[in-house]
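In what follows, chains carry the letters A, B, and so on, assigned in the order in which the sequence lines appear, proteins first and then strands, with residues in each chain numbered from 1. If you're wondering where the values come from, they're calculated on a predicted model, not measured in any experiment.
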Protein chains: 2
Amino acid sequence: MSDNEDAAERIRKAAIALFKTHGYHATPVRALAEVAKIEAGSLYYHFPSKQEILFDNFVRTMDMLLEGLARAVETESTPRRRLRVAVRNHVLFHTRRQDEAFISHTEIRALSEQNRREILAKRDLYEERFCELLRAGVEAGVFHIPDVRLTNIAILTMCSGVADWFLHDGRLDEESVAERYVEMVERLVGYSRSTESSDRKRLPARRRKARR
Amino acid sequence: MSDNEDAAERIRKAAIALFKTHGYHATPVRALAEVAKIEAGSLYYHFPSKQEILFDNFVRTMDMLLEGLARAVETESTPRRRLRVAVRNHVLFHTRRQDEAFISHTEIRALSEQNRREILAKRDLYEERFCELLRAGVEAGVFHIPDVRLTNIAILTMCSGVADWFLHDGRLDEESVAERYVEMVERLVGYSRSTESSDRKRLPARRRKARR
DNA sequence: GTCTATAACTAGATAGAC
DNA sequence: GTCTATCTAGTTATAGAC
């Protein structure tokens, strides 16, 4: 955190670090001020309240996610490729903006009711757009999903979970993790190149008979 | 919450409800006392501190999870069946003990350092025992997993996520959700009855060639 | 085992000088 | 735009009566 940044940005970064480690309610404004190298009173020149600092982080995080998803859909044309890019994007966001994403998981309850409504609307929009990617693949016959809504939420929680455990100097770098998650998602959606070959692989009639 | 329960139990249940809704730090002891139908001072006869009430919830939750996993492994013999029962057990725990499980996700940071160490040790133990189920299947040739540790964490976060969204009067009842999650996990581990048939399905030499 | 009263402290936010 | 000083309210926990 450079000292030359403007104060608002230093406060934002202090909030990300402290809310992630201790949580919103366990972080006094005085602690935010100390990390941001400012006095507590001065902080209120840049933000009207502690709540607004948290809300600011939520808005930025959700908007980045939504923009990333929109880009992913634009740049690819087939359902499979769109899903692959969307998942890669989602996972990389949760490694690159790990702390912000983590706060967005854990501190929704700390938002005021009005702010929470606004953020949940953005989250619902993201989930719905992601779900559309799955439905498109099912309708094209390349994904085979018994319950699209359930698989959608399972995929998103699985991928968002990366923010909980990823270590930047760990065994796998972020690109490797993203690749593996793309592979796992393709298993979850039962990807196959065409309906016929997939049906042969997923539900072979002969094998079914042999089971009894 | 019955008024006839002993006070300690009423305090536990009040804590589960309030910590889930507002979080640990946003829940005053006076609020716990009010919901437990007791005065704030009386609460300290049953628990030495607010922290101890939170820790109590963590210990109970983790111990229930560990016991459930041990039972799952005992009652089944094949890798596939063990995994199926373990996943079903895990998901049903996160619907039946939804609030406790949710708190265990979101409030780890609120534990004192010593308490947190103790709980993380239990969590690591659970993850390691779960991972063993995957390894057993890989060694038996019935699971096909590129990175067992990664798939393990992906499965567990996916299944634990049920506590975040499950509604007891929602579209799917808990048994249906558990069944579908078992199916999804089987896709993730690349289950197949024997090594040969699975290798044919997953990495067909001809298709690989045709790709270039 | 539960109560009332309160100690000791910390919280978020504001006022006004510079 | 940043500072110091402070207001008001709320916090966990304890003391001692019953």
Side-chain angles (χ1 to χ4, degrees), chain A residues 1-58 103 106-116, chain B residues 1-58 103 106-116:
Chain A
M1 195 180 304
S2 161
D3 293 14
N4 303 347
E5 288 172 307
D6 70 319
E9 193 56 29
R10 293 204 311 274
I11 294 166
R12 276 190 204 97
K13 291 194 176 166
I16 290 165
L18 292 172
F19 291 171
K20 180 241 169 74
T21 307
H22 305 290
Y24 174 78
H25 289 294
T27 302
V29 170
R30 286 165 172 79
L32 289 176
E34 192 180 6
V35 172
K37 296 190 208 298
I38 207 174
E39 289 302 315
S42 313
L43 187 145
Y44 286 89
Y45 176 82
H46 302 281
F47 291 92
S49 67
K50 186 184 165 190
Q51 168 71 205
E52 208 62 27
I53 301 173
L54 179 67
F55 183 56
D56 174 86
N57 179 69
F58 267 93
I103 293 167
T106 50
E107 298 295 342
I108 309 186
R109 292 172 300 177
L111 288 171
S112 70
E113 210 178 299
Q114 197 179 332
N115 287 345
R116 187 166 57 249
Chain B
M1 193 181 304
S2 161
D3 293 13
N4 303 346
E5 288 173 306
D6 70 322
E9 194 57 27
R10 293 203 312 274
I11 293 166
R12 275 190 205 97
K13 292 193 175 169
I16 291 165
L18 292 172
F19 291 171
K20 180 240 170 74
T21 306
H22 305 289
Y24 174 78
H25 289 294
T27 303
V29 172
R30 291 181 205 333
L32 289 176
E34 192 181 7
V35 172
K37 294 190 209 297
I38 204 174
E39 289 302 316
S42 312
L43 187 145
Y44 286 89
Y45 176 82
H46 301 281
F47 290 91
S49 66
K50 185 185 163 188
Q51 168 72 205
E52 209 62 27
I53 300 174
L54 178 68
F55 183 56
D56 173 87
N57 179 68
F58 267 93
I103 293 167
T106 50
E107 297 296 342
I108 309 185
R109 293 172 299 176
L111 288 171
S112 70
E113 210 178 299
Q114 197 179 331
N115 287 345
R116 187 167 58 247

How many whole angstroms separate atom [atom1] of [X] from atom [atom2] of [N]?
X	N	atom1	atom2	result
Phe55(A)	dG12(C)	CZ	P	20 Å
Leu32(A)	dA11(C)	CG	C1'	13 Å
Glu34(A)	dG12(C)	CD	P	14 Å
Phe47(B)	dG1(C)	CZ	P	13 Å
Phe19(A)	dG12(C)	CZ	C1'	12 Å

Exercise. Using a cut-off of 4.0 Å between protein heavy atoms and nucleotide atoms, how would you tag nucleotides 4-18 of chain D 5' to 3' with B, S and -?
Worked result: B-B----BBBB----
If you look only at distance, which donor and acceptor atoms sit under 3.5 Å apart when one is on a side chain in residues 27-36 of chain B and the other is two or more places apart or in another chain?
unit_1, atom_1, unit_2, atom_2, d
Thr27(B), OG1, Leu18(B), O, 3.4
Thr27(B), OG1, Gly23(B), O, 2.7

For this session: Identify, with sequence neighbours excluded, every residue that meets salt bridge (Lys or Arg N to Asp or Glu O under 4.0 Å) alongside Lys50(B).
Result: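 Applying salt bridge (Lys or Arg N to Asp or Glu O under 4.0 Å) to Lys50(B) gives none.
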For this session: Go through the structure and list residues passing salt bridge (Lys or Arg N to Asp or Glu O under 4.0 Å) with Arg109(B), not counting sequence neighbours.
Result: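 Glu107(A).
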Problem set entry | Qualifying residues under side chain to side chain donor-acceptor pair (under 3.5 Å), relative to Asn115(A), sequence neighbours excluded |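 Gln51(A), Ser112(A).
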Exercise. Is the shortest side-chain N/O distance from Tyr45(B) to OP1 or OP2 of dG1(C) below 4.0 Å?
Worked result: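 Answer is yes, contact under 4.0 Å.
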For this session: Give, for atom NZ of Lys37(B) and atom CD of Glu5(B), the distance between the pair rounded to the nearest 0.5 Å.
Result: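 One finds 11.0 Å between NZ of Lys37(B) and CD of Glu5(B).
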Exercise. Considering residues at least two apart in sequence or located in another chain, which fulfil the ring pair (Phe, Tyr, Trp, His ring centres under 6.0 Å) criterion with Tyr24(B)?
Worked result: Phe19(B)
